[in-house]
Every structure is written in C-alpha cells, then in structure tokens.
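A short worksheet on the structure shown next.
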Amino acid sequence: MPDPSLLSLFVLHILCPLTMASAARTASRAFLRSTPTSSFRPAVRSTRFAISANGLRTSSRRGYASEAGPEKSGSSAGLWAVAIGALGAGGAYFYLKGDDSSKAQAQAKGPFVPAQADYQKVYDAIAQRLADETDYDDGSYGPVLVRLAWHASGTYDKETGTGGSNGATMRFAPESDHGANAGLKAARDFLEPIKAQFPWISYSDLWTLGGACAIQELSGPTIPWRPGREDRDVSACTPDGRLPDAAKDQRHVRDIFSRMGFDDREMVALIGAHALGRCHTDRSGYDGPWNFSPTVFTNEFFRLLVEEKWNQKKWNGPTQFTDKSTGTLMMLPTDMALIKDKNFKKHVERYAKDSDAFFKEFSDVFVKLLELGVPFKTDERFVFKTSDSE
C-alpha cells in the first residue's frame, strides 16, 4: 500500500498547477523509492518523460471509464490512480515548460554581444581558410581580400557622409558591377563560409576584418580593428566613379583621395597596398604584378618605383609600364604619377628607404580608411594574434 503522505503531496500537486518543478522532481523520487518494483525506474531521461506522458493519458481514460461504477469503500485505488496521473502531468509540464527560472536567467543576460575573443575566432577562421585555399593567382586570396576591404571603404564622401565600409553595399548591383570592383566577387565568395560559420557578424565588419587579417597574415603591419558596422540595403549603393581610375594622373589621385579626407602622405601610403597582388586583363584590362613577391607585404613597390627604369609597354591593352630589367613587372599610370609629382615623390622615396616608416604609416591610414563614416559606439580597437603567434 502506498504511503498516505505521498498521496497528500500528489493531491496538492493537482490543486496547485503552478507548483515549482523541484516539487515535481521530489515527488517522482519519493514515488520511485516507495514502489517495490523497478519497472518505473527509467534508464534514461527520455524514457522517464515517455512514461509520465503515457501515465497522464492512461489516467484520463480510466477516469472516464469508471465513472458509472461504484467505488469500493475505504479503497485508495482511485486516489492512487489520480496521483499517478498527477505525477505524469507534473513530469509532462516540467518537460514541456522547462525550468522557468533558468529561462528567466538566460533572458536576463540579453542578446549576444561579441567580445574580442569572438572576433579573434573570426580572424582565425579567415586565416585558416587563407592557408587552406591556395588555388588563386600567386597562391593566396589575401591580396584580393585587401582589395575588397579597400574598395568597400574607398567610396566614402566626407561632404555627404555617404559611402564607406558601413553598409557592405557592394553586395548589390549596380555597385557590384562598377568597373573598379571587377573580380571582387572572388573575395566576397571566399568569405561566405566564414559568414555562415559566424552569422552574427555583419558583412561590413567581415569584409574589413578580412582585409586586416590578410595584411597581417601576409607579413604586413599590425592593423588594429574595431567592430560596429551595420549592413544596409540597395538604396545605400554609391554612384560609380568614387574609386581611383588607374588610367588617370596625379590630379585625379588627389581629387579621389581628398574627397575621402586624406592628405598627400596618406594618399601615397594607401597606394602602397600595391605591394600585394596583380592586375588581370579580364578585370581591369591591365596585366601583371607590381613586384616579385605579390603575396608578401613589403616596401618593394616603392623601392622598384624609384630605382627601376620603367618603359611604356607595347601591346594592345591600356597604357601601362614594364620594368626594363625583366619585363615581367607592371606599373599603372597612377603609380607613375607618384614619382612625377614632387610632393608625392618625397613620400615614395622615404618609404623606399624606410620599411618601418611605411609599415607604421600604412597601418595608421588603412585603419582610417576602414573606419570612414562609421558611427562607432566604442573607441576600443582590437589587435589580433596572427596564425604564427605563440
């Protein structure tokens, strides 16, 4: 015969449906201890809940079937059946509703707010993908990631406050189809698996973080980075013509870069991104790398620009220049403009002689480029560990 005190506890559970889940668990344990058979003892959690739910349904059916028959005087069978049903209801309620206090605690924590460690994981995933995916150009997607970050940010107009990295509007046509952005689908597609792995990061932050990661992973300077960019829709796309046209001269360079808010020194430093990558005839129309190590960030672009003799290339493509020594390297008209203009040239010569100065000043201005027009809520920037850091 079951303990009458247990029956009282079960009746209270019926009369008080909002009883704490802990009481239900206590009743369950007490019931199992008082039962002489082990048939009710679950081997796993899911079995326990299945039995409780079945008990609830069985109890309900028996109640309706026995209403017409007289109940034996002094028998506790009916009350015991109700108690079993209550136990089942308590188990089902707890299973379906869960621990309300735990839910409340989780809700009290608020939405997920990524910290530096979370962004380091994104950085690490990009770096790992760069190491794994080498079937591109000279063996690295790094240079095209830098170009993506550069072009996504370089549309900023300080007068109107439009453009810049905040928005990642190159996701949409017509901006994705602008001539200056030809070939950047490769970079955007490269980062899609990272976006899928970390869906909480905006495309705007992901693209700029990808550029910072690529520079660091390709032996370049440290690029402090901060989050806070938000993606925007197609209505925020910028008009064509905001990015540099490689066929133009120094006046064009100044017009484009001053619109963003850069001075002569910063303009030269930013163009130093040509330390990485190469041009393609099926994209820009130009062809070739700027130096012999297009996947290593160095000051060679400036050294070669100053020390090498450059001749106009004889071919059917647009005007570009090739080195006299090997005929395998390339310079654009806008590159040559840097040594034709005396104010630009002094910075070219300085960077050619002093790699440390170039690294420091490039880092500063690249950070500035990535942040143009972004309404950040924090001044804190993160410095990420590279894949070869201990």
Side-chain angles (χ1 to χ4, degrees), residues 136-138 140-155 163 170 173-188 238-260 262 264 267-295 300-341 343-345 347-348 352 369:
Y136 185 82
D137 275 1
D138 301 287
S140 176
Y141 276 87
V144 77
L145 292 188
V146 175
R147 182 169 169 245
L148 174 63
W150 207 117
H151 283 218
S153 306
T155 57
M170 201 193 303
E175 190 171 334
S176 60
D177 298 329
H178 291 170
N181 293 330
L184 287 177
K185 185 179 185 299
R188 299 194 299 271
T238 56
D240 200 358
R242 288 196 176 185
L243 293 168
D245 182 341
K248 300 295 182 63
D249 59 14
Q250 58 266 36
R251 288 172 296 182
H252 170 77
V253 172
R254 281 201 176 87
D255 288 342
I256 291 292
F257 284 82
S258 61
R259 189 205 69 236
M260 290 183 258
F262 296 115
D264 283 0
M267 295 177 195
V268 176
L270 273 178
I271 295 176
H274 287 172
L276 297 173
R278 62 169 57 235
C279 290
H280 305 76
T281 54
D282 61 341
R283 299 176 187 179
S284 63
Y286 300 100
D287 181 57
W290 284 272
N291 61 64
F292 298 109
S293 56
T295 61
E300 281 293 282
F301 166 73
F302 295 112
R303 189 187 67 79
L304 289 168
L305 191 55
V306 171
E307 298 179 5
E308 184 61 65
K309 181 174 178 58
W310 297 93
N311 298 319
Q312 185 170 331
K313 183 175 181 178
K314 296 179 181 179
W315 71 322
N316 293 327
T319 299
Q320 70 176 63
F321 300 84
T322 186
D323 67 303
K324 183 179 179 180
S325 299
T326 69
T328 61
L329 302 180
M330 181 264 327
M331 287 290 172
L332 302 169
T334 48
D335 299 323
M336 300 304 295
L338 298 182
I339 55 176
K340 291 180 180 178
D341 185 283
N343 289 323
F344 283 155
K345 187 176 181 180
H347 298 296
V348 172
L369 172 70

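Heavy-atom basis, side chains included; hydrogens, waters and symmetry copies ignored.
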For [X] and [Y], which heavy atoms make the closest approach, and how far apart are they?
X    : Y    : value
F257 : M267 : CB-CG, 3.3 Å
M336 : M331 : SD-CB, 3.8 Å
D323 : T326 : OD2-OG1, 2.5 Å
G179 : D240 : N-OD2, 4.3 Å
C279 : L332 : SG-CD2, 4.2 Å
P318 : G285 : CD-O, 3.4 Å

Determine whether [X] and [Y] make a side-chain contact, defined as any pair of heavy atoms from C-beta on separated by less than 4.5 Å.
X    : Y    : answer
V144 : D137 : no
D287 : K313 : yes
T334 : I271 : no
M170 : L148 : yes
N311 : F321 : no
K248 : V253 : no
W315 : T322 : no

Passes salt bridge (charged side-chain N to carboxylate O under 4.0 Å, His left out), K340 versus D249? Steps please. CA-CA 9 Å; K340 291 180 180 178; D249 59 14; over 6 Å; no

Go through the steps to decide whether R278 and D138 satisfy the test salt bridge (charged side-chain N to carboxylate O under 4.0 Å, His left out), and finish with yes or no. CA-CA 9 Å; R278 62 169 57 235; D138 301 287; 2.9 Å; yes

Can you tell me if [X] uses its side chain to pair, donor with acceptor, with the backbone of [Y] under 3.5 Å?
X    : Y    : value
W290 : S293 : no
N181 : E175 : yes
S153 : W150 : no

As an exercise, state the distance from [atom1] of [X] to [atom2] of [Y], rounded to the nearest 0.5 Å.
X    : Y    : atom1 : atom2 : result
L145 : L276 : CG    : CG    : 10.5 Å
K309 : L304 : NZ    : CG    : 15.0 Å
R251 : R254 : CZ    : CZ    : 11.0 Å

Hey, mind stepping through D335 and H274 against side-chain hydrogen bond (donor to acceptor under 3.5 Å, both in side chains) and telling me if it holds? CA-CA 9 Å; D335 299 323; H274 287 172; 2.9 Å; yes

